[in-house]
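All remarks here apply to the structure that follows.
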Amino acid sequence: MDSVFSQLSVMGSSLVLIFGLILLWRRGVTAYISAFTWQSAVLSGVTAIVAYFGHDHELYWVAVALFLLKVVVIPRLLRRMERRFAAERELAPYVNTATSLVISGLLVLFGYAITRPLVALSQLPTRAGMPLAMGLVLVSLFVIISRKKALTQVIGFLMLENGLALLAVLGTYGIPLIVELGVFLDVLMGFLVMQIFIYQIHETFESIDVEQLNRLRH
Amino acid sequence: MNTFAMLLGPPLLAALLAAAVKPYRRFVGWTNALLSLLSLGAAVVLWRHILAGDVLTSGPLEFLRADALSTLLALCVSVVGALAAWLGPGMGGDDGYDGAQARRFRIFANLFTLMMLFAVVSNNVGFMWIAIEATTITSAMLIPLHVTKASVEASWKYILIGSVGIALAFGGTVLGYFDFVNLAGRQEGALNWTVLMASAPHLHPQVIQLAFVFILIGYGTKAGLAPMHTWLPDAHSEAPAPLSAMMSGVLLAVALYAVIRWKFVVNAAVGTGFTDDLFTAMGLLSLAIGAFSLVIQRNYKRMLAYSSIEHTGLICVGLALGPLGMFAAMLHLLNHALAKSTIFFLAGRVLHRYRTTEISGVSGLLTAMPWTGGLFAAGVLAVIGLPPFGLFISEFALFRAGFAAGRPWLMGLVLALLAVAFVSMIGHLNRMLYGAPAAGVTVGEGSAWPLVPLGLCVAALVVLGLTLPAPLRVLLTRIVEIAGS
């Protein structure tokens with residue numbers, strides 16, 4: 001029973017990480033949005049699996065809230081923004097694809113290195129997935145700093161949050177429900193404010209390329 | 001009446017009132033100003049409880065809790081919140097903001113104050129995190145109050161870097177919780193400070209250290225610690241003056257508060273060496289970047305922002321110097337909150353008159369606005385650590401702590417960096433104060449009543465420079481006791 005559980009959770013975590021890596025080699029916000037949607041769906045699934053095997057009914061609510069927020073609401077808002085800015089030309093990132101993939105590979109390895117004490121300490125059958133979650137956190141950070149489009153940065157940020165949510169669910173079977181709901185509310189509000197700012201950037205700069213955001217120096 | 005309700009209720013009510021009244025009416029601002037005094041009163045009540053030796057708690061599982069550290073921060077936040085309520089847009093007179101902007105300011109500034117107050121009195125690290133994340137959202141909404149290319153850029157950098165930082169702090173919180181759950185199992189109130197502190201000595205050292213690195217980087221981003229400070233000068237210089245005052249004066253302090261809380265837990269788990277080294281390194285780096293950036297500043301609001309980075313660094317160095325250093329750092333935090341918010345309000349008056357943030361565009365400040373110029377000069381002199389202002393005393397205490405801890409080289413380096421900041425800020429100040437005002441700049445104070453509260457703040461700084469009142473000394477001693485227990 002435990003071995004099925006542990007295999008399922010590792011498989012789920014790997015899928016979550018792989019959807020994060022898509023940001024590195026695909027071009028185009030449309031592909032990023034669907035990668036994020038699928039990633040969130042898998043994350044919600046992993047949460048439900050942990051709820052089932054861990055006999056934790058609160059986690060079902062977390063899985064449902066996650067699904068509604070990150071598979072239904074946020075992707076819909078992202079697609080609406082994407083249609084609005086569809087005419088903009090795609091920009092080459094600061095780091096090319098091959099280098100990006102190499103760096104991400106190293107980051108995932110680094111994730112394994114820093115989570116070693118966690119895996120050694122934990123008794124939970126889900127522990128083997130934690131390094132993958134940490135890897136996703138680090139890769140998302142890299143995406144945020146190496147991309148030039150505001151919308152891509154936002155998707156990188158959302159994936160960073162997915163990585164942290166995965167870490168929480170694998171490591172501790174989820175933080176207390178009431179705190180989790182507060183976190184979801186913050187994610188939603190934060191996303192809405194970022195959306196407002198992207199529209200503002202578009203209006204004042206006539207593009208959402210963050211390379212132009214360089215007036216403020218020193 | 002419940003003290004916590006009196007503390008948190010007024011900003012919530014004021015925000016709801018501002019949201020309900022559309023279009024904006026002046027009575028909203030005045031009600032807000034009066035309500036802010038109620039919050040301030042509640043913070044003073046908390047202080048009195050600390051002096052009497054008890055710690056107020058409220059709600060199930062001690063949901064809210066105000067020990068000495070929370071109380072100091074609640075005092076700072078409510079003072080600056082009250083200043084922002086009295087001096088913010090929409091109190092009548094020509095302040096450069098229209099009704100819609102005043103309404104937006106009243107809604108979000110009050111929510112911002114509410115979240116900062118909630119963050120410091122929440123006993124639960126999870127809710128503290130939620131509140132600090134919410135401070136990013138509410139304050140970011142106010143940076144582009146005047147939509148310009150520069151303010152839009154500043155707000156984007158702020159929300160992106162701030163959100164990423166705070167997400168990493170969440171990762172650290174999760175790792176800390178992970179450590180706790182592995183030790184004691186899942187239980188009610190596991191994210192409470194009191195519970196975490198009680199079990200801290202048995203936490204797994206490597207895991208809690210990893211958690212602390214995430215927490216320091218995460219909350220450190222919001223506290224303006226180098227090298228994660230890059231959003232700060234932009235946001236502080238482009239934001240409207242009352243918001244700059246709140247961000248520089250107390251938001252940085254609230255973020256530091258979160259780090260300090262976790263520092264207590266980690267110290268109890270692995271001893272003080274680990275956190276002290278990290279604090280010293282990041283503090284020195286922030287001091288250096290702040291000080292050298294001051295040299296090349298041409299914009300006076302950015303100058304004040306870099307000075308905040310420098311002072312945050314100084315507080316961090318102090319926190320790594322044992323009990324005496326902790327005492328000095330907490331006193332410095334209070335002094336800096338008062339001084340920096342006062343100067344940012346004054347800078348707002350200067351900007352409104354001269355219509356430029358360039359230092360070279362402002363000349364003859366003492367002729368054009370004698371009182372504003374005088375108070376601005378006093379504020380800058382206070383910030384660079386001259387007597388008779390409070391910051392001189394706290395910096396002096398910090399140096400004493402450093403020498404007592406046997407770190408003369410460290411203190412020498414800090415002193416050299418402070419000297420760099422001193423010289424460059426004096427130079428910039430001189431260029432602004434003297435000479436003849438540029439053509440087209442009106443001479444005379446304009447509406448003078450806002451100078452009264454700001455003058456009171458400067459007077460308070462002088463008092464703190466001449467004496468350390470007993471109630472304050474007791475409060476700070478209690479904070480040091482928390483660290484030692």
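Convention: sequence-line order gives letters A, B, ...; per-chain numbering from 1.
- In this structure the side chain of A:Tyr173 never reaches within 4.5 angstrom of the side chain of B:Val181, judged on heavy atoms.
- For a residue to count as touching a neighbouring chain, one of its non-hydrogen atoms must lie under 4.5 Å from one of that chain's; by this rule B:Leu175 touches chain A with the side chain only.
- Contact annotation for B:Leu191: only side-chain heavy atoms (C-beta onward) come within less than 4.5 Å of a heavy atom of chain A.
- Looking only at heavy-atom pairs under 4.5 Å with chain A, the residue among B:Ser237, B:Ala167, B:Ala131 that has the most is B:Ala167.
- Proximity to chain A (any heavy atom under 4.5 Å) is restricted, for B:Val147, to the side chain, taken from C-beta onward.
- Rounding to the nearest 0.5 Å places CD1 of B:Ile159 at 8.0 Å from CZ of A:Phe157.
- For B:Ala154, the parts lying near chain A are the backbone and the side chain together; criterion is any non-hydrogen pair under 4.5 Å.
- Between B:Phe127 and A:Ile178 the shortest side-chain heavy-atom distance falls below 4.5 Å.
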Would you sort out whether B:Ser163 and A:Glu161 count as a side-chain contact (heavy atoms from CB on, under 4.5 Å), showing the intermediate values? CA-CA 10 Å; B:Ser163 303; A:Glu161 296 225 302; over 6 Å; no
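- Closest non-hydrogen pair, A:Ile144 versus B:Leu160, comes out as CG2-CD2, 4.0 Å.
- Residue B:Phe63 places its CZ atom among more than 12 non-hydrogen atoms of other residues, nucleotides or ligands, all under 6.0 Å distant.
- Expressed to the nearest 0.5 Å, how far CG of A:Leu192 lies from CD1 of B:Ile137 amounts to 9.0 Å.
- When heavy atoms are compared at a cutoff of 4.5 Å, B:Asn299 does not approach chain A at all.
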Please evaluate residues A:Val187 and B:Glu133 with respect to the criterion side-chain contact (heavy atoms from CB on, under 4.5 Å), reporting the C-alpha separation (whole Å), side-chain torsions for both, the decisive distance (0.1 Å), and the verdict. CA-CA 9 Å; A:Val187 171; B:Glu133 156 85 45; over 6 Å; no
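- The contact between A:Val137 and chain B is made entirely by side chain atoms (from C-beta outward), counting heavy-atom distances below 4.5 Å.
- When heavy atoms are compared at a cutoff of 4.5 Å, B:Phe214 approaches chain A solely by way of its side chain, counted from C-beta outward.
- Rounded to the nearest 0.5 Å, atoms CE (B:Met141) and CZ (A:Phe197) are 6.0 Å apart.
- Looking at A:Leu160, only its side chain comes within 4.5 Å of chain B, counting heavy atoms on both sides.
- No more than 12 heavy atoms of other residues, nucleotides or ligands lie within 6.0 Å of CZ in A:Phe110, so this atom counts as exposed by the packing criterion.
- Counting heavy-atom pairs closer than 4.5 Å to chain A, the top-ranked of the candidates B:Gly126, B:Ala150, B:Ala134, B:Ser155 is B:Ser155.
- The shortest distance between side-chain heavy atoms of A:Met130 and B:Phe178 falls below 4.5 Å.
- Neither the backbone nor the side chain of A:Leu185 comes within less than 4.5 Å of any heavy atom of chain B.
- For A:Ile201, the parts lying under 4.5 angstrom from a heavy atom of chain B are both the backbone and the side chain.
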Worked check of side-chain contact (heavy atoms from CB on, under 4.5 Å) between A:Met194 and B:Trp156: CA-CA 8 Å; A:Met194 285 185 184; B:Trp156 178 253; 4.2 Å; yes
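- The shortest side-chain heavy-atom distance between A:Thr204 and B:Thr148 does not fall under the 4.5 Å cut-off.
- For a residue to count as touching a neighbouring chain, one of its non-hydrogen atoms must lie under 4.5 Å from one of that chain's; by this rule A:Ala133 does not touch chain B.
- Listed options B:Asn182, B:Val174, B:Asp179 were ranked by heavy-atom pairs under 4.5 angstrom with chain A; first place goes to B:Asn182.
- Ranked by non-hydrogen atom pairs under 4.5 Å with chain B, the options A:Thr115, A:Leu167, A:Ile175, A:Leu121 are led by A:Leu121.
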From CA spacing to verdict: side-chain contact (heavy atoms from CB on, under 4.5 Å), B:Thr136, A:Asp186: CA-CA 10 Å; B:Thr136 316; A:Asp186 266 354; over 6 Å; no
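- Residue with the most contacts toward chain B among A:Arg116, A:Gln123, A:Met134: A:Met134 (heavy-atom pairs, distance under 4.5 Å).
- Scanning both residues, A:Gly174 and B:Tyr177, for their nearest heavy atoms gives O-CE2, 3.8 Å.
- If you measure heavy-atom distances from B:Leu210 to chain A, the contacts under 4.5 Å come from the side chain alone.
- Proximity to chain B is limited to the side chain of A:Leu141, based on heavy atoms less than 4.5 angstrom apart.
- Ranked by heavy-atom pairs shorter than 4.5 Å toward chain B, the options A:Gly190, A:Ala150, A:Ala120 are led by A:Ala150.
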